[in-house]
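Order of the sequence lines fixes the chain letters, A, B, ..., with proteins taken first and strands second; residue numbering starts at 1 for each chain.
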Protein chains: 2
Amino acid sequence: MEHDAQVSDTADTLDRAFMALADPVRRAMVARLSRGDATVNELAEPFAITKQAVSKHIQVLEHAGLVTRSRDAQRRPVHLDAAALERLTAWIDQYRLIAESRFRQLDELLGARIPNQQKENTPAHKKEESK
Amino acid sequence: MEHDAQVSDTADTLDRAFMALADPVRRAMVARLSRGDATVNELAEPFAITKQAVSKHIQVLEHAGLVTRSRDAQRRPVHLDAAALERLTAWIDQYRLIAESRFRQLDELLGARIPNQQKENTPAHKKEESK
DNA sequence: TCATTGATCAACTGATTGGTTGATTAAGAG
DNA sequence: CTCTTAATCAACCAATCAGTTGATCAATGA
C-alpha cells in the first residue's frame, strides 16, 4: 500500500543494472566475463562463498540484463552483454555532460578565472524564492 | 567473522556509487542536479515522501561521492560532482571495451559471417577441463 | 539403471535498507 | 527572546538481501 509506480517504466531496468554492479563480487564477475564466457564454477573459484551464492549473483546479473546464458551439456556458460553496459554509460553520460556544460558556461562567465572558490553559493544559478 | 576484504581497496567507492544510482528517487535527483544545484526541499518536491527520507537519499549520494554540499544561510545546496560520474563510466567502459574487442576478434575469425549462433561454447576462449 | 558432475530450488537466518514519526539543531526575522 | 524555516538526528517498523545448509533437477558416462 505504498510507493505508487510513478517513477518510470524503464526504471526497473536501470534499478536492477546499477544494483547488480553495486556488489564487488558481481563486479568481479563482470570483469572476468569481459575476458570470456565462464561457468558458475569458474566464476565461483576466486571467492570464498558457496556455489549457491554465486548462482544467485549470476541470476541477479541475468535479471538485470547484463548477462545471458546458454547451454553446453551440463554447463551453463555465462555471457556478458556489452550492449547492456553501454546503456548504463549512456544514462550516466547524459547527465554528466549536462552538468559539465553548465560548469563550462560558468567558467566562461567568470572569464576563465578559477580562484580558490570553495563556497560557491549558486553563482550562475538564479535562485528562486517562490515561497 | 566473514568475507575477508580481498575484493579490492577501492571497492567501497564503487559499491556506494552504483548502489546510490540503483534507486529511482536518487537517479531523479541526479537528473535534477545536473540542471543546477538544489536544496533538500527543492529535491523533495517531486516525490511523495518526507523530507527526512529525502535527506537520507542525499546522504547516500554524498557518502558515495556523487554530490557535495555547501552552506547558504539555513540552506544546504546540493551540488552534483560530474567527475564522480565519469569515474563510473570509466569503470564500465573498461570492461565493455574488452568484451567488444573480443567479440570483434571472433567476428573476424568467422570471416564476418554471423550465422544464428546461439550456443557458442567459448569459441575464442580455450576451455580447460582440469578434472 | 546407477553414479557423477554442474547447477538450481527451497527454506531459513542475520544484516541492511527505505520509510515513517517525533524531537532537535542552526540560522535569520520579528 | 520568540517564531519560522531548513535540515538533521534518533528510534522504530516492514521489506528486502546476502549468505548458509540440505534436497533436487538435468545431462552425461559407466
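In terms of heavy atoms, A:I98 sits closest to B:S34 at CG2-O, 3.3 Å. A pairwise comparison of heavy atoms in B:K51 and B:A44 identifies CD-CB, 3.8 Å as the closest pair. Of all heavy-atom pairs between A:L33 and A:A38, the closest is CD2-N, 3.7 Å.
Here the side chain of B:V40 is nearest to one of D:dT8, D:dG19, D:dA18, namely D:dT8. Closest approach to the B:Q59 side chain among C:dG19, D:dG19, D:dT8 is made by D:dT8 (side chain taken as heavy atoms from C-beta onward). In this structure, the nucleotide among D:dT8, C:dG18, D:dG19 sitting nearest to the side chain of B:D23 is C:dG18.
At least one donor-acceptor pair under 3.5 Å links the side chain of A:R71 to the backbone N or O of A:A73.
The CD1 atom of B:I49 sits 10 Å away from the P atom of C:dG18 (whole-angstrom rounding). Rounded to an integer number of Å, the gap from CG of B:L61 to P of D:dT8 is 12 Å. Atom P of nucleotide C:dA7 and atom CD of A:E62 are separated by 13 Å, given to the nearest angstrom. Rounded to a whole Å, the CZ atom of B:F47 is 14 Å from the C1' atom of C:dG18. Counting to the nearest Å, the P atom of D:dA7 and the CD atom of B:E45 are 11 Å from each other. Taking atom NZ of residue A:K51 and atom P of nucleotide D:dA26, one finds them 20 Å apart after rounding to whole Å. Taking atom CZ on A:R75 and atom P on C:dT4, their separation rounds to 17 Å, with Å as the unit. B:F18 places its CZ atom 17 Å from the P atom of C:dT17, with the value rounded to the nearest Å.
Of the candidates B:R76, B:R69, B:R75, B:R75 is the only one forming a side-chain contact (heavy atoms from CB on, under 4.5 Å) with B:T39.
If you take CG on A:L66 and CZ on A:R26, they are separated by 9.5 Å, rounding to the nearest 0.5 Å.
In this model, the phosphate group of C:dT8 is approached by a side-chain N or O of A:S55 to a distance below 4.0 Å at OP1 or OP2. Using a 4.0 Å cut-off, some side-chain N or O of A:N41 falls inside it from OP1 or OP2 of C:dA7. Put simply, B:T50 has a side-chain N or O that comes within less than 4.0 Å of OP1 or OP2 on C:dT20. Side-chain N/O atoms of B:H57 include one lying less than 4.0 angstrom from OP1 or OP2 on C:dG19. For B:R76, no side-chain nitrogen or oxygen approaches OP1 or OP2 of D:dT5 to under 4.0 Å.
Looking at A:R16 and A:D12, a side-chain N of the basic residue comes within less than 4.0 Å of a carboxylate O on the acidic one, giving a salt bridge.
For A:R26 and B:V54, each mapped to the nucleotide of DNA chain D holding its nearest heavy atom, the one lying further toward the 5' end belongs to B:V54.
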Go along nucleotides 23-30 of chain C 5' to 3' and tag each nucleotide: B for a protein heavy atom under 4.0 Å from its base, S when only backbone or sugar atoms are that close, - otherwise. ----BS--

